Amino acid sequence: MKTTAVFLNWVRLAGINVVILLCSIATGVITARSVEVAVLGLFTIIQGVIRLIDGVIGLQSYATLIKTGTSALAEGRKKEFEGLVKASVFVEMGSQLVAFAAALATFAFLGPWLGLTAEASRWGLIYACGMVLHATGSPLAI
């Protein structure tokens, strides 16, 4: 019984991942047909810079929340769990806002100094706006 449930959940997850991958490929194809090759390369660089900033500054505290929160709930410490949830969401949102500010500063002020064109800096600023939405670890852990 449990093996069947695990297998069905795995199939669902794999199916969702396939749909996400196909949507990503379709987005890439549409973007590639819409812009010149140089602009497509620019998008790749911008995405890499954003991922670097997000990975270094944007903290994802979900692993700590899952481990410590599970122990707290198992031992009946509900207040401790609620405090962990609040702290985790606060830390994650705060770090994403700091990462967002760093990305904005990178493209708005350092972009021209690094040799990025005004158009490249503008695309970077637009892409950076999505960083605030990356704070998903704590809600997923909860």
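Since the model is a prediction, treat every value here as computed from it, not as a measurement.
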Original post:
At what distance, to the nearest 0.5 angstrom, does SG of Cys23 lie from CD1 of Ile30?
Top reply: 9.5 Å
**OP:** Check whether any side-chain heavy atom of Val49 lies under 4.5 Å from a side-chain heavy atom of Phe107, and answer yes or no.
**Re:** yes
**OP:** Determine whether Asp54 and Gln96 make a side-chain contact, defined as any pair of heavy atoms from C-beta on separated by less than 4.5 Å.
**Re:** yes
Subject >> Spatial distance of atom OG (Ser95) from atom CZ (Phe90) [nearest 0.5 Å] >> reply: 10.0 Å
Original post:
Which distance, rounded to the nearest 0.5 Å, do you find between the CZ of Phe7 and the OG1 of Thr4?
Top reply: 9.0 Å
**OP:** Locate the shortest heavy-atom distance separating Ala120 from Ile46; write the atom from each residue and the value.
**Re:** O-CD1, 3.6 Å
Original post:
Are Leu21 and Val29 in one and the same hydrophobic cluster, where Ile, Leu, Val, Met, Phe, Trp and Tyr link if side-chain heavy atoms are under 4.5 Å apart?
Top reply: yes
Subject >> Partners passing side-chain contact (heavy atoms from CB on, under 4.5 Å) against Leu52 (at least two apart in sequence or in another chain) >> reply: Val56
**OP:** Could you grab the distance from atom OH of Tyr127 to atom CD1 of Ile50, nearest 0.5 Å is fine?
**Re:** 7.5 Å
Subject >> Spacing of Leu110 atom CG and Leu104 atom CG [to the nearest 0.5 Å] >> reply: 11.5 Å
**OP:** Might you point out which heavy atoms bring Ala102 and Ile53 nearest each other, and give the distance in Å?
**Re:** CB-CG2, 4.1 Å
Original post:
Would you say Phe109 and Val98 are hydrophobically clustered, going by side-chain heavy atoms of ILVMFWY under 4.5 Å?
Top reply: no
Subject >> From OG1 (Thr106) to CG (Leu125), nearest 0.5 Å >> reply: 9.5 Å
